[in-house]
Amino acid sequence: MRQDPGSNLNMASTDTPTRNAVLVKYLNEAFGKEKQLETNLTALIGRAQNHKTLKKGLQDHLKVTKNQARELQKRIKVREAVQLWASLY
């Protein structure tokens with residue numbers, strides 16, 4: 001079965017060290033923004049004590065944000081491993 005050159009299945013074979021480094025850079029920037037948002041949401045939750053609906057919405061958003069940060073961190077680790085592996089060969 002022939003694969004489309006742009007498909008995800010061929011993505012690993014088209015990785016280059018430069019492309020991977022750029023991706024790691026952007027993933028790290030996104031991770032940093034998620035962590036900043038966690039800090040801001042935590043502060044807002046503390047200030048929303050008398051607003052139960054708002055507080056609940058902020059807490060839900062914080063859960064999503066923390067999950068996104070975890071997922072980004074996983075992807076960063078994979079990309080860094082790919083980068084290390086590529087540098088060895």
Side-chain angles (χ1 to χ4, degrees):
M1 176 163 133
R2 191 158 186 215
Q3 302 264 335
D4 174 19
S7 77
N8 288 337
L9 296 174
N10 285 331
M11 189 73 140
S13 65
T14 61
D15 275 349
T16 64
T18 303
R19 179 178 168 174
N20 196 58
V22 169
L23 182 55
V24 168
K25 176 183 176 269
Y26 288 136
L27 289 172
N28 276 313
E29 288 175 8
F31 178 74
K33 294 295 181 187
E34 292 295 335
K35 296 308 276 184
Q36 282 179 335
L37 185 54
E38 279 183 38
T39 301
N40 293 339
L41 286 169
T42 300
L44 288 170
I45 289 167
R47 294 172 59 192
Q49 295 302 321
N50 298 328
H51 305 279
K52 291 181 182 181
T53 304
L54 175 61
K55 183 176 178 179
K56 171 78 169 92
L58 292 169
Q59 288 170 330
D60 290 345
H61 191 36
L62 180 59
K63 287 177 190 174
V64 170
T65 300
K66 285 183 175 188
N67 187 51
Q68 288 173 321
R70 274 191 301 275
E71 292 300 316
L72 280 166
Q73 199 167 34
K74 287 179 193 176
R75 281 157 182 75
I76 290 166
K77 286 180 182 180
V78 168
R79 289 281 116 197
E80 286 174 340
V82 167
Q83 201 169 3
L84 176 62
W85 182 83
S87 71
L88 297 175
Y89 296 94

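In this text the structure is predicted, and so the values were computed from the model without any measurement.
From Ile76, atom CD1 reaches atom CD of Gln83 across 11.5 Å, with rounding to the nearest 0.5 Å. Of the inter-residue distances, the one linking Lys63 atom NZ with Leu58 atom CG reads 12.5 Å to the nearest 0.5 angstrom.
Under the 4.5 Å side-chain heavy-atom criterion for Ile, Leu, Val, Met, Phe, Trp and Tyr, Leu44 and Leu54 are members of the same hydrophobic cluster. Both Leu23 and Leu72 belong to a single network of hydrophobic side chains, linked directly or stepwise wherever heavy atoms of I, L, V, M, F, W or Y lie under 4.5 Å apart. Residue Phe31 is not grouped with residue Leu37 when hydrophobic side chains (ILVMFWY) are merged at heavy-atom distances under 4.5 angstrom, including chains of intermediate members.
Summarising the local packing, NZ of Lys55 is surrounded by more than 12 heavy atoms from other residues, nucleotides or ligands at distances under 6.0 Å.
Ion pair Glu71/Arg75 flagged as a salt bridge, since at least one NZ, NE, NH1 or NH2 atom sits closer than 4.0 Å to an Asp/Glu carboxylate oxygen.
In this structure, the side chains of Thr16 and Asn20 stay at 4.5 Å or more apart for every pair of heavy atoms. Taking 4.5 Å as the limit, some side-chain heavy atom of Val64 sits within range of a side-chain heavy atom of Gln68. Counting heavy atoms from C-beta outward, Asn67 and Arg70 have side chains that approach closer than 4.5 Å. Taking 4.5 Å as the limit, every side-chain heavy atom of Leu27 sits out of range of all side-chain heavy atoms of Gln73.
Of the possible polar contacts, one joining the Asn28 side chain to the Val24 backbone as a donor-acceptor pair under 3.5 Å is found.
The two residues Glu38 and Thr65 make their nearest non-hydrogen contact at CG-CG2, 3.8 Å.
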